[in-house]
**Student:** 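Before I ask anything, let me first share the structure, which is written out below as structure tokens.
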Amino acid sequence: MNFDLKTLTQTSALSHKTDLMVVAIKTGENKLPASKSGSNHPVLSQYLREIQQEESFDAKTGKTLLILKPLHVQAKRILLLGVGDATQAQIRKAVNSCFSSVKSLGYKEVTLYFDDSFQGFEQSLKHSILAISDAVYLYTKTKPSAKLDHASLSRASETSTKGDKKGEYGAPSGINLVTIAHSGAKSASFKQAFAEATALGEGIELAKEWGNRPANYATPTHLGQVAQNLGKQANIKVNVMGPKEVEKLGMGSFISVAKGSSEPLRFITMEYRGAKAKSLDPVVLVGKGITFDTGGISLKPGAGMDEMKFDMCGAASVLGVFKTLSLLNPADLHVVGLIPTCENMPDGLAVKPGDVVTSMSGQTIEILNTDAEGRLILCDALTYAKRFKPKAVIDIATLTGACVIALGHVRSGLFSNNDALASAIQEAGETSLDTCWRMPLDDEYADALKSNFADVANVGDRSAGSVTAAKFLQRFANEFAWAHLDIAGTAWRSGGSKGSTGRPVGLLMEFLLRHSKISSKVEKTK
Ligand code: BES
Ligand code: MN
Ligand code: ZN
């Protein structure tokens, strides 16, 4: 799928040739302007308002009205799209549902038009592009028939079934090009917003795609290859370690999780450094990369276990961020990505409840439950992060079912030892509409992790499960500003629309681009 940004005024919109012109309409804008004789009110809005009044189109979010043979314009079809009060959330929702329906109707080129009344258009532009890329994404890797089903819906005889040759994944939608049009599209800030949103759309798509791939198509080795591929870009450095190197580093906790699987573990390091970031300490992102979580010897129940293929969505989000960085090439950012990745399997060699392992930090851990494996791979990565002298470390993990109980599928859980970092991340979540909510880290919660046989146990009792998990991680993050995002409820959807969401790539990129400077000014929490 390609995007274009075009300057169209009310007048030039009339002569714009396109298969379908989607016109965003706010509620309360269907009143005809007071009729002045000789009024030069632009004919497009005049015409559309007449139709709205005739059809009582109320422009509520997501409502549409198709005009088959529109007068006055070169567009073959016009689709009025209600965006309510035009908040960013309403625009995102309306554009997403509109393109979900429109994508299979056989239009090759679609224009999304916003008139002058849309102020602060940069944000609307970004959210529109993200909403469209989300809507047209199609998973085909292990379901090639999805492409054919899709193509058969297309009515244009010349419609290609091959889809997008340029993009790496998915989206063989009938639509080849979406043009976003607005009267001020020439300005530098619009161009910047456009570049950001298209790069972010591709990062999110990569995260979704790898989240969706089944565990036999997305092994630790495969994730290593995805990183190596990103490393072919001049601005990204990648290093992928296997079991031997990880053993040498002393990552006894990480290794204990991988022991039950025949798939060899990988530890991935990626580094992006912008042209003006020579002396800048990095933000380090750590992504949980359990490519399948059976629970290990503390085996999970069978129902819904397939969804544990999504247990590498933290890792996928870090890969997505690096895809976006490689395309956008921001000058003043230094970012390191760390991904510990392996399977959690039951086996004769698997780690057992009660086993004590020694983490890279030197702390010993009593593994009371082998299903609490995420924290066991993350703790060694957090220790490893120290060597980059990070100004902040953020780990991203589908860590606890308890977080889903606490926050559902709307907000990710946010935990941090640093108030400024926490507010910066929370704010980035609000603007990117990829929201999170801060959770507590009182020391009393750590009491649950006391062990008679090791420095710390890997689980507490059932209460406050997402907090005790974070308290475990915090022990390995004392020397830097640290935040932990529990994305167990937000990284994928279950049920009929089962699939990865690509979250929190949007939040992380927003944080990196506009909020990450804040944490360098901040005293590290002791
Ligand atoms: N990957 C799971 C967390 C998870 C569970 C995410 C369900 C999404 C939905 C994690 O490794 C896990 O199994 N956590 C256990 C921890 C428990 C043993 C303390 C959990 O949440 O049940
Ligand atoms: Mn688990
Ligand atoms: Zn897990």
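Both ligands and their constituent atoms are indexed starting at 1 by order of listing.
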**Student:** Considering only protein heavy atoms, which is closest to atom 6 (C) of ligand 1, and at what distance to one decimal place?
**Tutor:**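 Looking at atom 6 (C) of ligand 1, the protein heavy atom closest to it is Ala488 CB, 3.6 Å.
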**Student:** Roughly how far, to the nearest 0.5 Å, is CG of Asp355 from OG of Ser256?
**Tutor:**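 That separation rounds to 8.0 Å.
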**Student:** Mind listing the closest non-hydrogen atom pair of Pro340 and Ala381 along with its distance?
**Tutor:**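 In this case the closest contact between Pro340 and Ala381 is CG-CB, 3.9 Å.
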**Student:** Within the 4.0 Å heavy-atom shell around Val459, which atoms of ligand 1 are there?
**Tutor:**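 Counting from 1, the qualifying ligand atoms are 19 (C).
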**Student:** Charged N to carboxylate O below 4.0 Å: is that the case for Lys309 and Asp293?
**Tutor:**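 No.
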**Student:** Closer than 4.0 Å and a protein heavy atom, does any atom meet both conditions relative to atom 14 (N) of ligand 1?
**Tutor:**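 For atom 14 (N) of ligand 1 the answer is yes, since some protein heavy atom falls inside 4.0 Å.
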**Student:** For Leu399, take its heavy atoms, then give the atoms of ligand 1 lying under 4.0 Å from any of them.
**Tutor:**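 Listed by number with element, the hits are 2 (C), 3 (C), 10 (C), 12 (C), 14 (N).
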**Student:** Specify the protein heavy atom at minimum distance from atom 12 (C) of ligand 1: its residue, its atom name, and the distance to 0.1 Å.
**Tutor:**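 Looking only at protein heavy atoms, the one closest to atom 12 (C) of ligand 1 is Asp371 O, 3.2 Å.
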**Student:** If you consider just the N/O/S atoms, which atom of Asp293 is the closest one to the Mn ion (ligand 2)?
**Tutor:**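 Going by distance to the Mn ion (ligand 2), the closest N, O or S atom in Asp293 is OD2.
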**Student:** Are any of the N or O atoms of Gly374 closer than 3.5 Å to those of ligand 1?
**Tutor:**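 Such a contact does not occur with ligand 1.
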**Student:** Of all the heavy-atom pairs spanning Leu473 and His484, show the shortest one and how long it is.
**Tutor:**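 Here Leu473 and His484 meet closest at CD1-ND1, 3.7 Å.
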**Student:** Looking only at distances, can you tell me whether any N or O atom of Asp293, backbone or side chain, sits closer than 3.5 Å to an N or O atom of ligand 1?
**Tutor:**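 Yes: some nitrogen or oxygen of Asp293 is under 3.5 Å from one in ligand 1.
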**Student:** Output the list of atoms in ligand 1 that are nearer than 4.0 Å to some heavy atom of Asn369, sorted by atom number.
**Tutor:**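 Near Asn369, meaning under 4.0 Å from one of its heavy atoms, ligand 1 has 18 (C).
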**Student:** Side chains of Gln363 and Arg475: do they bring a donor and an acceptor to under 3.5 Å?
**Tutor:**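 Distance-only check passes for Gln363 and Arg475.
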**Student:** Mark up the atoms of ligand 1 that fall under 4.0 Å of a heavy atom belonging to Thr398, in ascending order.
**Tutor:**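 Reading through ligand 1 atom by atom, the close ones are 1 (N), 2 (C), 3 (C).
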**Student:** So, of the N/O/S atoms that Glu373 has, which is the nearest one to the Mn ion (ligand 2)?
**Tutor:**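 Considering only N, O and S atoms, Glu373 comes nearest to the Mn ion (ligand 2) through OE1.
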**Student:** Do Lys208 and Asp134 meet the salt-bridge criterion of a basic N to acidic O distance under 4.0 Å?
**Tutor:**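 Yes.
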**Student:** Assess, by modelled atom type and distance only, whether the side chains of Asp311 and Thr398 contain a donor and an acceptor separated by less than 3.5 Å.
**Tutor:**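 Short answer, yes.
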**Student:** For Lys300, state whether at least one heavy atom is located under 4.0 Å from any atom of ligand 1.
**Tutor:**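 It does, in that a heavy atom of Lys300 comes within the 4.0 Å cut-off of ligand 1.
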**Student:** Mind checking how many protein N/O/S atoms fall short of 2.8 Å from the Zn ion (ligand 3)?
**Tutor:**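 Every protein N, O or S atom under 2.8 Å from the Zn ion (ligand 3) counted, the figure is 4.
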**Student:** One pair to check against side chain to side chain donor-acceptor pair (under 3.5 Å): Glu510 and Ser432. What are the steps and the verdict?
**Tutor:** CA-CA 6 Å; Glu510 183 66 24; Ser432 61; 5.9 Å; no
**Student:** Could you check atom 16 (C) of ligand 1 against the protein and tell me its nearest heavy-atom contact, residue, atom and distance included?
**Tutor:**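 Protein heavy atom with the smallest distance to atom 16 (C) of ligand 1: Arg375 NH2, 3.9 Å.
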**Student:** Heavy-atom distances under 4.0 Å decide this one: backbone, side chain, both or neither, for Trp492 against ligand 1?
**Tutor:**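 Side chain only.
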**Student:** Need the ligand 1 atom indices (1-based, order shown) with element for anything under 4.0 Å from a heavy-atom of Lys288.
**Tutor:**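 Near Lys288, the atoms of ligand 1 are 1 (N), 10 (C), 11 (O).
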**Student:** Within a strict 4.5 Å, meaning less than it, do heavy atoms of the Asp371 and Lys300 side chains meet?
**Tutor:**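 Yes, at least one pair of side-chain atoms sits under 4.5 Å.
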**Student:** Please find out if the Mn ion (ligand 2) and some N, O or S atom of Asp311 are separated by less than 2.8 Å.
**Tutor:**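 Checking Asp311: none of its N, O or S atoms is under 2.8 Å.
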**Student:** Heavy atom under 4.0 Å from ligand 1: found in Asp311's side chain, backbone, both, or neither?
**Tutor:**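 The part of Asp311 near ligand 1 is the side chain, not the backbone.
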**Student:** Relative to the heavy atoms of Glu373, which atoms of ligand 1 are at a distance of less than 4.0 Å?
**Tutor:**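 In order of number, 11 (O).
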**Student:** Does the protein place a non-hydrogen atom closer than 4.0 angstrom to atom 8 (C) of ligand 1?
**Tutor:**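 So far as the 4.0 Å threshold goes, atom 8 (C) of ligand 1 is in reach of a protein heavy atom.
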**Student:** If you compare all heavy atoms of Ser253 against all heavy atoms of Cys379, which two are closest, and at what distance to 0.1 Å?
**Tutor:**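 Ser253 and Cys379 have their closest heavy atoms at OG-SG, 3.5 Å.
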**Student:** Among side-chain atoms of Asn212 and Trp492, is any donor-acceptor pair under 3.5 angstrom?
**Tutor:**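 No, because no side-chain N or O of Asn212 sits under 3.5 Å from a partner of the opposite role on Trp492.
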**Student:** Are Tyr272 and Pro330 close enough that some pair of their side-chain heavy atoms sits under 4.5 Å apart?
**Tutor:**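 Yes; the side chains approach each other to less than 4.5 Å.
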**Student:** Tell me, do Thr400 and Arg375 make a side-chain contact under 4.5 Å, heavy atoms counted?
**Tutor:**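 Side-chain contact under 4.5 Å: yes.
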**Student:** Side chain, backbone, both or neither: which part of Glu307 comes within less than 4.0 Å of ligand 1 when only heavy atoms are counted?
**Tutor:**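 Neither part.
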**Student:** Consider only side-chain N and O atoms of Gln123 and Lys126, and report whether a donor and an acceptor are under 3.5 Å apart.
**Tutor:**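 No pair is found: no donor N or O on one side chain lies under 3.5 Å from an acceptor on the other.
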**Student:** Around Glu430, counting heavy atoms of other residues, nucleotides and ligands shown, do more than 12 lie under 6.0 Å from its CD?
**Tutor:**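 It does: Glu430 CD has more than 12 such atoms within range.
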**Student:** Go through it in stages, so that I can follow the logic: the residues are Thr490 and Ser412, the test is side chain to side chain donor-acceptor pair (under 3.5 Å), and I'd like the CA-CA distance, side-chain angles, deciding distance and then a yes or no.
**Tutor:** CA-CA 6 Å; Thr490 53; Ser412 306; 2.8 Å; yes
**Student:** Judged on heavy-atom distance to atom 5 (C) of ligand 1, which of Gly489, Gly401, Cys313, Cys403 sits nearest?
**Tutor:**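 Comparing heavy atoms across Gly489, Gly401, Cys313, Cys403, the nearest one to atom 5 (C) of ligand 1 lies in Gly401.
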